[in-house]
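Working notes, beginning with the structure itself.
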Amino acid sequence: MAEIPKKYDHLEVEKKWRHRWEEWGIYRWNPSLSRERTFVVDTPPPTVSGSLHVGHVFSYTHQDLIVRYQRMIGKNIAYPMGWDDNGLPTERRVQNYLGIRCNPHLPYDPDWTPSPGGGKRKEIEEVSRQNFIEACGLVTAEDEQVFEHLWRRLGLSLDWTDTYATIDDHCRRISQLSFLDLVERNLVYQVEAPTMWDIDFRTAVAQAEVEDRPQHGLFYDVRFALEGGGRLLIATTRPELLPACIAVVAHPDDERYQPLFGKYAITPLFGARVPIVASEHADPEKGTGILMVCTFGDAMDVDWWQASGLPLKQVLGRDGRVLPVTFGEAPFQSVDPARAQQAYDEIVGLNAKQAKKKTAQLLAQPGSFPGGNEAALVGEPQPVEQIVKFFEKGDRPLEFVPTRQWFIRVLEHKQELLDQGDKIQWHPAHMKTRYQHWVEGLNQDWCISRQRYFGVPFPVWYPVTDAGEPDFASPIYASPGTLPVDPSSDPAPGYEESQRDQTGGFTAEPDVMDTWATSSLSPQIQSHWKLDPDRHARLFPMDLRPQAHDIIRTWAFYTIVKAWMHEGEVPWYHVVLSGFILDPDRKKMSKSKGNVVTPEDIIDDFSADAVRYWAARARLGTDTAYDPGVFKVGKRLVTKVFNASRFVLMQVDRAVGEGELPGPEHIGEKLDLALINRLRTVIEQASSALATFDYAAALQVVEESFWTFCDHYLELVKLRSYSDEDTPARRSAIAALCWALDAYLRLLAPFLPYVTEEVWSWRFAGDGPRRSVHTSPWPFLEEVEAVPKPKVFGSFDAAVEVLTKIRGTKTTAQKSLRWPVERLTIVGPEEHRDALAPVFEDVLRAGNVEVANVSVSDGAAPEGERFSVTVELADEMES
RNA sequence: AGGCGCGUAGCUCAGCUGGUUAGAGCGCAUCCCUCACACGGAUGAGGUCCGCGGUUCGAGUCCGCGCGCGCCUACCA
């Protein structure tokens, strides 16, 4: 029996158990057990280059609560850890930190090493893609340690022997295998088409990464000339796209414009002759009801252009600046090419914002309206609140730029993907609706190519034609056995490296896959899909996907897509969605808000158990206000567990010393039986709540019961268990205390893994699974069956009621709770007196009442109460 | 603009398939150093359950309509 310390030092205790758990390896997956006995978690790999905040602690704790329960009910747990280091955020960080930039055309230099602090150098060093990836690897390894340290402190029961990083060889291999599999199934294609483009990151982005932001814009009223005379007023927010105007459209039912359909308009400044067309796209209510279609102002322009067959006039480049074009040549015909060119030259090279301003100025000048001295711009621009699409990580609006991109065919499989969603259980259930809305609302295929470097390269090359151009129509794919490959340093199959970028040779696909193309494979990455069929069968489909609800449209959706496309399966049976942490003013918590308290600080102050308690109080899917008060409550519970356990085990120690703990067969006193009987309900309720992932409900039941145990049962049983004589009454008390504490520790273990393990080690730890509370069996009902059911119910509550009355009288009289009672009169109906009788002795002891000073009689009790209780206190303390 | 969720004590939240006087913790007030715990304990004061209608013997709980908040999706000339 271990020495019981007087005070609880959470930092020391946490450190001790953290190391011992690692030593014991109790959180490791056993690969030899069958799938049925295993509980598999698709752990979210956090973006390591992001900053850690309390939101992480929140959702990762939720997973761990579920996992710890599953472990205790005997499941073999597969709970690995992954890091999402692949992608833009890391790239940016590495560039700044090391002062390097990727040049994918450079060859790999095996001797190159990054110099820390390189970010301070003046010139930026260019390195090959593989060197760049290695540098990213070094930086992210540091970031990963920060996360790992926090996860360990939090007590997450992760299997640290089984980790992955989304850029490592294994993940690149799985990602490339996935791509090749999709090629084989004709589920992926490449196309040169206008796609949403971020001009700062200079990459394509996917629909899921786009967000709307309200912007203050200006509506410019611009006059177009009608061919053969007349004019037309068009409202636009993007005058800089005027040179890209290909048509003018109005609603077919709009009587104002019906006579114009089929005729032509002449654009101001640039003199382009554009058709006036009827189109459902136009809203008669908006602006002047007639609008210009440009290539490209928005998604509608793209749709319209594709259907129209009109030529493309691209005026914005990949950097968002106005491209040089020649007027008079197709497609930039003009009724006055010289004048058009003159106007255009004023905006060439400007960014969209500058070009907008300049074009507006030009339009305001007299003579900008074709054939006269009038200005095309009418009146002052009107301020307008508009909604503009942005890349979620971007700072400037997205543009539509024609580029060659790879897409996965999701649009034509919406129904199948909805069906997959139905096969998965969503917790809470209403979150499925979000998934459905997203799938139903998809309007583009999944763009997976990014014009970046720190990502998984496409395992693709192209032949270089005799004309020296890549032949994109004839991609050369890597063979699966050679993966992972980097086409920019590995030659295409059947070619020599010397033929790279040579006529008749090959060239690399320069793009990388979006990070979601890899993280959507987290189940397959963990199961070693296509590499280890046996392991795959033991892990896939998984049981649980924990995640936050904001990434249903990305991570959850993409993972469902991949699992369905590759194997026609769901990736997991259950998804649990954590809510967000909100500021006290109910806004989503963010760094910029100044919530600078780090999770490590909070653990230092309140203990890991207390922080877990805070997370565990929040139900799935429910956003929760950040309330440090809850940490305090958690800390109080931890302290209470420590102190109550200390009391119980000291009593046990006094009674049996080093001897064996008395078994449940000694429990005979009615109060003790009543206690155990109450625990039956607690175990039932907590178990069924946890089985449906409702850890918060389980905690509530257990916590409430534990406080009752401390506040009432311990007080009632205290003096009986103090007894120096080894009577059946004392033995019953000791046995009940042991039984109850043993159960409470296991019930609380998923929530408070440290303090429960600490207490467990004092007296309960045994051999085998019972070495740790976390591998001990979850309390099951058979354990309760070993203790007889009380014959009369309500004894516990009756005892509590009378004791509370006695305490109340003393408190009101401002006397100590030890103060003796002169006279106790209890009046109540038979039913309640019968319930009270067997536990009455305990009540009197706890209330410091002499049996001789008590009278109990038949009669009515006040409404809602069992008894009418009258308490007269003694005059003196000593009586 | 549609969808989803939420609106219960000053604050944070429980209240399952409708059932007698609506719960907890924090905070607050008053008191108590009793041999597990003052990082504690006892007791108590706090609520027209967002509003209005309806169903019902009975509604915080079900239905309808509003109002407010959050999120998702759409709106981008």
Side-chain angles (χ1 to χ4, degrees), chain A residues 4 6-8 10 212-215 217 219-220 234-238 241 248-250 281-283 286-294 297-301 304 384-389 397-398 428 430-438 440-443 549-550 552-553 579-580 582 584 586-588 606 614 617-619 621-630 632-633 635-651 685 696-697 700-701 703-704 707 710-711 714-715 718 722 803-804 806-819 846 848 863-864:
Chain A
I4 301 179
K6 185 137 175 59
K7 289 280 176 193
Y8 185 64
H10 77 260
D212 294 341
R213 294 183 201 163
Q215 296 282 301
F219 243 139
Y220 297 86
I234 285 180
T236 177
T237 56
R238 300 205 63 179
L241 290 178
V248 165
V249 301
H281 285 303
D283 177 359
K286 210 159 180 178
T288 54
I290 186 160
L291 64 136
M292 63 175 188
V293 176
C294 304
D298 57 36
M300 192 215 91
D301 286 346
W304 198 90
V384 56
E385 180 84 350
Q386 50 178 174
I387 311 290
V388 180
K389 285 193 189 306
L398 289 170
H430 67 80
M431 288 293 179
K432 186 165 88 177
T433 315
R434 291 210 188 172
Y435 173 80
Q436 289 169 334
H437 284 168
W438 176 252
E440 285 161 5
L442 284 170
N443 55 36
H549 54 69
D550 57 332
I552 289 175
R553 67 178 184 171
F580 287 135
L582 306 175
R586 306 244 112 215
K587 293 280 186 303
K588 187 178 169 187
F606 296 98
W614 163 75
R617 283 252 306 232
R619 293 181 134 67
T622 307
D623 295 344
T624 304
Y626 178 79
D627 178 7
V630 181
K632 214 171 94 184
V633 177
K635 189 174 181 178
R636 286 206 329 145
L637 177 62
V638 172
T639 309
K640 193 52 109 178
V641 169
F642 177 85
N643 283 319
S645 304
R646 189 163 165 271
F647 167 71
V648 168
L649 292 176
M650 283 178 357
Q651 298 297 86
Q685 291 178 351
Q700 194 175 320
V701 168
E703 185 192 8
E704 135 97 52
W707 280 108
C710 294
D711 293 343
L714 290 187
E715 293 304 323
K718 195 180 262 184
Y722 275 149
L803 184 60
T804 300
I806 297 172
R807 284 168 173 172
T809 309
K810 293 177 181 177
T811 298
T812 311
Q814 308 198 349
K815 297 286 192 277
S816 129
L817 294 180
R818 236 178 11 167
W819 201 271
N848 197 10
E863 282 248 347

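Note on naming: letters A, B, ... go to the chains in the order of the sequence lines (proteins, then strands), and numbering restarts at 1 for each one.
- Here the P atom of nucleotide B:A42 and the CG atom of A:L714 are 12 Å apart, to the nearest Å.
- Counting only heavy atoms from C-beta on, A:R553 has its side chain closest to B:U73 among B:U34, B:C39, B:U73.
- Nucleic acid contact class of A:D301 (heavy atoms, under 4.0 Å, all strands): none.
- Summarising the base pairing, B:C28 is matched to B:G44 through a Watson-Crick or G-U wobble pair whose two defining distances lie under 3.5 Å.
- For A:E715 against B:A42, no side-chain N or O and base N or O form a donor-acceptor pair under 3.5 Å.
- Comparing B:G27 with B:C11, their C1' atoms sit 7 Å apart, to the nearest whole Å.
- Separating the C1' atom of B:G58 from that of B:U21 is a span of 15 Å, rounded to the nearest Å.
- Comparing the P positions of B:G19 and B:A29 gives an interatomic distance of 37 Å, to the nearest angstrom.
- The aromatic ring centroids of A:F606 and A:H10 lie 6.0 Å or more from each other.
- The interatomic distance linking A:K810 (NZ) with B:A42 (P) rounds to 13 Å, in whole Å.
- Taking side-chain N and O atoms only, A:Y626 has no distance below 4.0 Å to OP1 or OP2 of B:C11.
- Of all nucleotides listed (B:C35, B:A42, B:A36), B:A42 comes nearest to the side chain of A:D711.
- Checking A:I234 against A:K6, the closest nucleotide of RNA chain B that is more toward the 5' end is the one next to A:K6.
- Nearest-nucleotide mapping onto RNA chain B: of A:V384 and A:W707, the residue sitting toward the 5' end is A:W707.
- Distance from the side chain of A:D623 is smallest for B:G70 among the nucleotides B:G70, B:U43, B:A36.
- A:D623 places a side-chain heavy atom less than 4.5 Å from the side chain of A:H549.
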Heavy-atom contacts, protein to nucleotides 2-7 of chain B, under 4.0 Å, summarised as B (base), S (sugar-phosphate only) or - (none) per nt, yield -SSS--
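- Heavy atoms of A:N848 sit nowhere under 4.0 angstrom from any nucleic acid atom.
- The listed nucleotides are B:A14, B:A36, B:C31; the one nearest the side chain of A:N643 is B:A36.
- Using C1' as the reference atom, B:A9 and B:A45 are 11 Å apart when rounded to the nearest Å.
- Across all strands shown, B:U20 remains unpaired; no Watson-Crick or G-U wobble contact has both distances below 3.5 Å.
- Taking only side-chain atoms of A:K640, from C-beta outward, the nucleotide of B:G40, B:U34, B:U73 with the closest atom is B:G40.
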Protein-nucleotides 25-28 of chain B N/O pairs under 3.5 Å:
from: B:C26; atom 1: OP1; to: A:R636; atom 2: NH2; distance (Å): 2.7
from: B:G27; atom 1: OP1; to: A:K632; atom 2: NZ; distance (Å): 2.7

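- Phosphate contact (OP1/OP2 of B:A36, side-chain N/O of A:K7, threshold under 4.0 Å): absent.
- To the nearest whole angstrom, the two P atoms, one in B:U8 and one in B:C50, are 6 Å apart.
- The side chain of A:R619 lies closest to B:A14, out of B:C75, B:U34, B:A14.
- In this structure, A:A235 reaches the sugar-phosphate backbone alone: every heavy-atom distance under 4.0 Å involves primed, P, OP1 or OP2 atoms, never a base.
- Under the Watson-Crick and G-U wobble criteria, each requiring two contacts below 3.5 Å, nucleotide B:U55 is left unpaired.
- Of the candidate nucleotides B:C32, B:A36, B:A14, B:C32 has the atom lying nearest to any side-chain atom of A:S816.
- Across every strand in view, B:C75 sits unpaired, with no contact that passes the Watson-Crick or G-U test at under 3.5 angstrom.
- A 3.5 Å limit on both hydrogen-bonding distances identifies no Watson-Crick or G-U partner for B:C39.
- With both ends at atom P, the span from B:A14 to B:C62 equals 15 Å, rounded to whole Å.
- Here the separation of B:G51 from B:C4, taken at their C1' atoms, is 22 Å to the nearest Å.
- In this structure, the nucleotide among B:C71, B:C31, B:A74 sitting nearest to the side chain of A:T811 is B:C31.
- B:C26 and B:A42 have their P atoms separated by 10 Å, with the value rounded to a whole Å.
- Shown here, B:C4 forms a base pair with B:G70; the pair counts as Watson-Crick or G-U wobble because both key distances fall under 3.5 Å.
- Atom-to-atom, CG of A:L637 to P of B:G40 comes out at 12 Å; the value is rounded to the nearest Å.
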